[in-house]
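Take a look at the structure set out below.
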Amino acid sequence: MNQVPTEKTLDHSLTLMNEGYLYIKNRVDRFGSNVFHTRLLGQKVICMSGEDAAKIFYDSERFQRKGAAPKRVQKTLFGEHAIQTIDGQIHIHRKKLFLSLMTSTQQNRIAQMVYSKWHEKVGSSRPSMILFEEARNILCEVACEWTGIPVKKHEIPHLAKDFTDMVYAFGAVGKRYRRGKKARKKTEKWMKSMIEQVRNGEIKAKNESALQVMAFHRQLNGKRLSSHMAAVELINVIRPIVAISTFITFSAVALHEYPAMKTKLEVADSTYYDCFVHEVRRFYPFAPFLGARVKQSFVWNNCFFKKGRLVLLDIYGTNHDPQLWDEPHRFQPERFRNWRSSMFDLIPQGGGHIDNDHRCPGERMTITVMKASLDFLVNQIEFQVPSSQDFRYILSTVPTLPKSGFMMKEIKKVN
Ligand code: HEM
């Protein structure tokens, strides 16, 4: 039996921080193995990458999410005891709740709201804007309206920043982490009071709005979620909608870096927009890896997965795996023309089945909103891109973003 490679030296947490998105991929390439042992945050960890690894990772007989997400991620990104950290029937029941909010009618509705908001914010012309900031404000405003949460216009930029701070605290230490933690505490308190006001009738939530559905959802045991838990899960709807701003920003970077794409998109049908959006989600970095714990000991690829061991699945590396993607470091939407998803190959929002596994329930919504925003950028406006900005994004920072947030000038409506 071949030995599974093991990282030498005591702990690799610092190396992980230094190499960020490339930590797992660098070792998979160096060891010539899609699985290896390492030690992170004081514990033994197995890292794995690629389609077969993803298939194993989503086998719920072998892995569980309970105990996998570090407290610091729960205190910023997910919220404590949220859907990301539960398993089995309780998870499937909670997942149904999320999916019930994200029907195709609702995906189209939210995309239409985003598209109208872009028109409203740009008007007939606008001297300049930073795309990332504008996108997160628009998405926050739309997300609040769509979920039925009453907010005043002037509160939107602060709220949008709080939601982004939660996302950008992942993988951070120091100030960035503290900002995310503070934002979560504040937002949970606010959402909790909103849920309580809906329950006691002080706020009348629209029928079937996410606010109303979360407030009155019944768990498998027939009980309502605690008002705190309902708040956490409501944030799990709004925060990721705001996070689509990152992919919208990367879409603009792609249009700028590959100008021929714009010409293609101007005359393309909706199918090519799907290809482009898939390629943005594959090519550019966002979620780096996923974690789960071994539920029952087993052997896979000569590797012993001991019960309780933390295992990381490489998202970035799988999306750039040369065994799956021809010339993975080339931006090439055409690769998705006749693509048939195996459910474990393109995994920027997780893999497996959307209903039973932890795969992102907002994936279709993300695609629809990205397509609407791309249509606006390509067909509705003309703009200049000042060369005095820094588009670079650093793979050692997780999550990352083009440094300038993508600055646009002399924006003019053309339609
Ligand atoms: C789960 C990424 C948008 C709601 C996930 C997962 C990833 C992800 C990587 C984890 C999958 C796993 O654990 O196996 C993203 C990215 C997005 C996005 C990159 C776009 C920027 C959305 C949207 C929503 C959403 C728009 C809701 C409106 C969720 C929820 C989960 C989740 C509730 C937990 C699912 C579960 O544990 O069963 N997402 N997501 N996400 N996402 Fe998204």
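The structure displayed is predicted, hence computed values, not measured ones. Both counts, for ligands and for their atoms, begin at 1 and track the order of listing.
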Hey, is [X] close enough to [Y] for a salt bridge, meaning N to O under 4.0 Å?
{"X": "Asp355", "Y": "Lys95", "value": "no"}
{"X": "Glu233", "Y": "Arg94", "value": "yes"}
{"X": "Glu19", "Y": "Lys25", "value": "no"}
{"X": "Arg392", "Y": "Asp390", "value": "yes"}
{"X": "Asp59", "Y": "Lys55", "value": "no"}
{"X": "Arg282", "Y": "Glu279", "value": "yes"}

Top protein contact for atom 30 (C) of ligand 1, by heavy-atom distance
Pro361 CD, 3.3 Å
To the nearest 0.1 Å, how far is atom 6 (C) of ligand 1 from its closest protein heavy atom, and which atom is that?
Gln349 O, 4.0 Å
For [X], atoms of ligand 1 separated by under 4.0 Å from a heavy atom:
{"X": "Gln84", "value": "34 (C), 37 (O)"}
{"X": "Met102", "value": "27 (C), 28 (C)"}
{"X": "Ala243", "value": "21 (C)"}

Worked verdict on Glu196 versus Arg199 for salt bridge (charged side-chain N to carboxylate O under 4.0 Å, His left out)
CA-CA 5 Å; Glu196 283 162 0; Arg199 285 180 178 170; over 6 Å; no
So is [X] in contact with ligand 1, going by heavy-atom distances below 4.0 Å?
{"X": "Arg94", "value": "no"}
{"X": "Phe57", "value": "no"}
{"X": "Thr246", "value": "no"}

When you look for heavy atoms under 4.0 Å from ligand 1, do you find them on the side chain of Arg281, its backbone, both, or neither?
neither
Specify side chain, backbone, both or neither for Thr366, according to which of its non-hydrogen atoms lie closer than 4.0 Å to ligand 1.
side chain
Counting heavy atoms only, which of Arg359, Glu233, Arg65 is nearest atom 13 (O) of ligand 1?
Arg65
Arg62 charged N/C atom sitting above Phe305 aromatic ring, 6.0 Å / 45°
no
